[in-house]
Amino acid sequence: MVEAQVDRTPDAEAFRYGGAATTYRELDDQANRFAHALIAHGVRPGYRVGLRLERGPHLVAALLGVLKAGACYVPLDPAYPPARIAYMAQDSGLSVLLTDGKPAAGTAEDAESTRTLTVADLASADRPAHRPAIDTRPDCLAYLIYTSGSTGRPKGVAIEHRSAVALLHWVRSSFSRQEMSGMLASTSVCFDLSVFEIFGTLSRGGRFILVRNILALAELDAADGVRFVNAVPTAVGELLAAGAVPASVTTVAMAGEPLPGPVVQALYALPHVERVLNLYGPSEDTTYSTWAELEPGDEGSPPIGHPLPGTRAYVLDADLRQVADGVPGELYLSGAGLARGYFDRRQETAERFLPDPYASEPGARMYRTGDRVRSEGGRLAFLGRIDTMVKIRGYRIEPGEVAAVLAEAPGVRQAAAAAVPGPAGTLRLVGYVVPDPARRPDPGAVLAHARDRLPAYMIPADLVQLERLPVTPNGKVDTKALPAPDRSAGRGVTPMAAPRGAEEETVAEVFREVLGVEVGRDDDFFALGGDSLQATRVVTRLRAKSGRAVPLMAVFESPMVGALAARLRTADPAAPAGLAELAGALVPLSSAQHRMWFLDQLEPNDTSYLISVIVELRGVRDEEHLCGALRDLVAAHAALRTEFVTVGDEPRQRVLPTAVLPLTRVTADPAGLAGTLARLADEEAARPIELTGAPLARCAVVSVAGEPAALVLTAHHIIFDGWSTGLFVDELGRRYEQRVQGRPERPSAAAGPAEVGEAQRCWLAGPEGRTALDELAHSLRGAPNLLPLPTDLPRPAERTSQGAHLRVRLPARTTELVYGLAEEHRATPYMVGLTAFSALLAEWTGTSDLVIATAFAGRTSIEAENSIGCFVNTVPLRVRAVPEAPFAERLRSVRHASLFAAARQDVPFEFLVERLSPPRSMSHNPLVQVAFGVQNAGSLTYRGSGIELTAVRREPDEARLDLTLWLEPHPDGLTALWTYSTELFHPATIDALHQRFVQLLAPKGKHHG
């Protein structure tokens, strides 16, 4: 197409650089010489030629020359780090690297398989100027554009000639020659906007002005005649702020990131701007896929418009079904512009380029963009990235949507939003605004503007003013470079009132420790992201720091720093709770340990209480340091050095000074790693662990290609629980890094289950423990001992633990309703879920008097929080469920019952059974047959400096109760995990229960009853 234009207008100006013009004939001749030189140096069709050239006329000729030689060009920005250039050169398999002669040590020039040439080698006037006789097929590669990869390594998007030609045909039909007579070519050739700017202009017979970057527009002479600007919105915003959009510019196209509406209106406010476009498209669909003509006066966020000719756009759900108009979904693209795939990455190509089920032509593919959109009257609206969506306090939030609203606020020129972790890793939503110099924004007004347009959970917790937003080399907002808010330094524009007095200082300090954020006296614990588990930790720490016993209910009733401090001032003194030093002593078992020991005596080879955890390792290279970190863990945690013996007829536990964790080493093939891990975990979970010899755990290190890829940990529940999994992963990652850095931390012995159990016994023997037991037992008197569950099968005379699971992700809308109801009613997702679960049980059984078990982590002391061990305790909740009552009323009742139980969670379940003495039967559990809970034991992922450890617990197919429902929070929503006895229920029954549970989570009516 370019050569055809050369033949039509050989003496017309093709482009201008530094004031000097190059005609179409001159460009063609120079490109032909480059092509002949490359061919003479052995370049053949299909070869990859790297271009590491500074911007200038030779770069343009080189791009065209490589294509004329039938080869594929691979742009390499000279400003890239040498290691990145070397990687891209090796990954693309360059046959030739063309440079401008400037050395760059450590790059592709060092590779034996790559021949390095300079522009001077190719530009000789002795080279032929006629076009080489190369037959380039439409399916030949034209160029590779490298984009960021999810693995941390860039990946090359392989674009064929036919895909690029489809783009150029759209350019020819959509833009006039007058518009294209002054195209600003400011984008690096490493980004595909440059294909539009350079080849789109040349194929249209236009002229482009080659500059270093977009900001050079302000330095150009009027004679350069820039008419068309194509850039990212952030860069255009900078030009507008600087008053640097020349009067010659009539058309502005923006792409690469969400376009704020105020930028469009600011452009149309310039009398010379006639046309503003919003262009959208990934590199995988050859630069642009959709486009929208924007009009002056349009309100709201600009749409990304309609597909280009030859492009098909589908809005699909998770099952690849088309969604209705107005319903959000993921955008899939198909048609003429689709790339071949990712160069030399078959698996990644297969994951993103899928068969197109809606195309009529055989073999058609569609590309999964990862972008959320919705169709509004046939036009697409961009909602944000699916993979940049963040989860804060259970809500799915797209930062781009928040940024778009902030950018529309009075006095704001640009805006961004990001989820920023606090010191403890808790995410907070932070807004960033660049003020308009002519009218600086009032922070309160900006947030008020946001509140008028966004739900409460999408309002930034902090607002930071910046002089400019950080940008990446291609001009997009660099969210990773956005600074964390520093409220103490005044960078957060919302003023923070300092705590007053000792009690407020104490409460603020505790909030800060638990939530990992800076706290002022007016901050609300739940608004900062707190939940019921963290509220328990607040109470524990307030007791330790102040010596006063603040009830758990106080945190819910007075969640603000100042209000809770007032409760602290009047709280009763707490009973002393010291931990005895019990190393080496024979100590009685805790209540939970005693139950598991007793069951082990009944069935010595029973494996139902073994916990299996797979820890996936990324970036962990040194197996010796990994094993050393495991040894450090054993030395630091008494539970991993604890064994159980019998003294007379009574069991006792003893902590050994040292213990060696049994380690096995397994080698796996990369393709079969997942299968190896699953098989190994199942095999290890089927081998019993003797309680009489420490440690009651073992570990397998699985390596791939000589490097550790995963661990399989198997531990007995008597010394390990769900909370312990998070501690294990976090501490293993931290201790591994310390060893790699040559500064291993000397293990400091944490309090183990023996010490915590001894403290529990002392508490139970004291007035506070006795009162808690009395109150909990009193609440259960008269409750039914057996819940009349409508079973599918007759209840056996002696129950076993035979069971199965049903794991289902809740609909996104349901998840949002759960968190919204919790926030509205000053409750927690656990309480909302329990309200629906109790209503379900009441409907199903026909009884409103329910006893439902819930498992508490048992970490009610700072020592227990930091200790591996088994501290979990089951507490029965008595709930009187009336399904026809308003939801809000039922939620209040459940909230009261939940807080009542949480305040007495240290009362062992066995003590309650002993006190109440219910009729015993081998056919069912005493007091409780059903349970509900939320898995909120903390993160199971450790992220360090270049390493990541993620734990995955293997759920055994065993049912210790008749029916259990766990809600599991994940970054992308909530998952329901049903565990049920297969001796009682068919799978279809559990599936029907789940469907009804989801309905009950979404109460009808504005007032929820």
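Numbering of residues begins at 1 and proceeds along the displayed sequence. In this text, all values refer to a predicted model and were calculated from it rather than measured experimentally.
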(Q) Whether the side chain of E197 engages the backbone of S186 through a donor-acceptor N/O pair (distance < 3.5 Å, no angle test) should be reported. (A) yes
Q.
Show, in sequence, the C-alpha distance, side-chain angles and deciding distance for F34 and V66, and conclude whether the side-chain contact (heavy atoms from CB on, under 4.5 Å) test is met.
A. CA-CA 7 Å; F34 278 16; V66 172; over 6 Å; no
Q: Apply the side chain to side chain contact (heavy atoms under 4.5 Å, CB included) test between P75 and each candidate in L53, L63, I145; give the one that qualifies.
A: I145
Q) Can you tell me how far CZ of R55 sits from CG of D100, rounded to the nearest 0.5 angstrom? A) 13.5 Å
Q.
So does F228 get a backbone contact from the side chain of R275, meaning a donor-acceptor N/O pair under 3.5 Å?
A. no
Q: Please check if atom CZ in R8 has more than 12 non-hydrogen atoms from other residues, nucleotides or ligands closer than 6.0 Å.
A: yes
Q) Is it the case that more than 12 heavy atoms not belonging to E361 sit under 6.0 Å from its CD atom? A) yes
Q | Whether R204 side chain and F175 backbone form a donor-acceptor pair below 3.5 Å | A | yes
Q) What heavy-atom pair brings P258 and P260 nearest, and what distance separates the two atoms? A) O-CD, 3.4 Å
Q) Hey, mind stepping through I198 and V189 against side-chain contact (heavy atoms from CB on, under 4.5 Å) and telling me if it holds? A) CA-CA 9 Å; I198 294 175; V189 293; 4.2 Å; yes
Q: Mark yes or no for whether R340, through its side chain, and D139, through its backbone, hold a donor-acceptor pair below 3.5 Å.
A: yes
Q.
Whether D91 and R48 form a salt bridge (side-chain N of Lys/Arg under 4.0 Å from carboxylate O of Asp/Glu) is what I want to check.
A. no
(Q) Counting C-beta onward and ignoring hydrogens, is there a side-chain heavy-atom pair between M366 and Y314 closer than 4.5 Å? (A) yes
Q. Quick one: are D192 and T286 in side-chain contact, heavy atoms under 4.5 Å?
A. no
Q: Would you give the length of the straight line joining atom CG of L98 to atom OG1 of T118, rounded to the nearest 0.5 angstrom?
A: 7.5 Å
Q. Hey, does I209 have a side-chain heavy atom less than 4.5 Å from the side chain of M183?
A. no
**Q.** For the student: nearest non-hydrogen atoms of G156 and R345, plus distance
**A.** N-NH1, 4.3 Å
Q. Are the side chain of R207 and the backbone of R16 linked by a donor-acceptor contact shorter than 3.5 Å?
A. no
Q) Can you say whether the rings of W291 and W170 are parallel (under 30°), tilted (30 to 60°) or perpendicular (over 60°)? A) perpendicular
Q: Keeping the roles fixed (side chain from E330, backbone from L316), state whether a donor-acceptor pair exists under 3.5 Å.
A: no
Q.
Under a 3.5 Å distance rule, please check whether Y268 uses its side chain to pair with a backbone N or O of V276 as donor and acceptor.
A. yes
Q) Are any non-hydrogen side-chain atoms of V245 and V229 less than 4.5 angstrom apart? A) no
**Q.** Pairwise side-chain contact, Q265 with P262, heavy-atom cut-off 4.5 Å (strictly under)
**A.** no
Q) How many angstroms lie between atom OG1 of T187 and atom CZ of F196, to the nearest 0.5 angstrom? A) 10.0 Å
Q: Could you please spell out the steps behind the side chain to side chain donor-acceptor pair (under 3.5 Å) verdict for Q5 and T9?
A: CA-CA 6 Å; Q5 187 60 47; T9 58; 3.0 Å; yes
Q.
Once side chain to side chain contact (heavy atoms under 4.5 Å, CB included) is applied, do any residues pair with A142, and if so which ones, sequence neighbours excluded?
A. L67, H161
(Q) When you measure from the side chain of D28 to the backbone of Y24, do you find a donor-acceptor pair of N or O atoms at a distance under 3.5 Å? (A) no
Q: Check whether more than 12 heavy atoms from other residues, nucleotides or ligands sit under 6.0 Å from atom CD of Q178, and answer yes or no.
A: no
Q) Does the T22 side chain pair with the main chain of L27, one donor and one acceptor, at a distance under 3.5 Å? A) no
Q.
Ignoring hydrogens, what is the shortest heavy-atom contact between I214 and A235? Give both atom names and the distance.
A. CG2-CB, 3.5 Å
Q | Interatomic spacing from OG in S176 to CZ in R227 - rounded to 0.5 Å | A | 7.5 Å
Q: With sequence neighbours excluded, tell me which residues meet ring-ring contact (aromatic ring centres under 6.0 Å, His included) with H36.
A: H130
Q) Side chains of D298 and V264: does their closest heavy-atom pair fall under 4.5 Å? A) no
Q.
Pair L380, F382 - check side-chain contact (heavy atoms from CB on, under 4.5 Å), show working.
A. CA-CA 6 Å; L380 294 171; F382 180 81; over 6 Å; no
Q: State, yes or no, whether a side-chain contact exists between L76 and L97 at a heavy-atom distance under 4.5 Å.
A: yes
**Q.** Atom pair CE/CZ of M180 and F208 - distance to nearest 0.5 Å
**A.** 10.5 Å
**Q.** Any side-chain heavy-atom pair of T290 and T311 under 4.5 Å
**A.** no
Q) Could you give the distance from OH (Y280) to CG (L333), rounded to the nearest 0.5 Å? A) 5.5 Å
Q.
Between R177 and G206 (side chain of the first, backbone of the second, donor and acceptor by atom type, cut-off under 3.5 Å), is there such a pair?
A. no
Q: List the steps and the verdict of side-chain contact (heavy atoms from CB on, under 4.5 Å) for L59 and L210.
A: CA-CA 10 Å; L59 173 61; L210 188 67; 5.6 Å; no
Q | Salt-bridge contact E284-R352 (side-chain N to carboxylate O under 4.0 Å) | A | no
(Q) Let's go through Y332 and D356 carefully: what are the C-alpha distance in whole Å and the side-chain angles of both, what is the deciding distance for side chain to side chain donor-acceptor pair (under 3.5 Å) to 0.1 Å, and is it a yes or a no? (A) CA-CA 9 Å; Y332 288 74; D356 183 350; over 6 Å; no
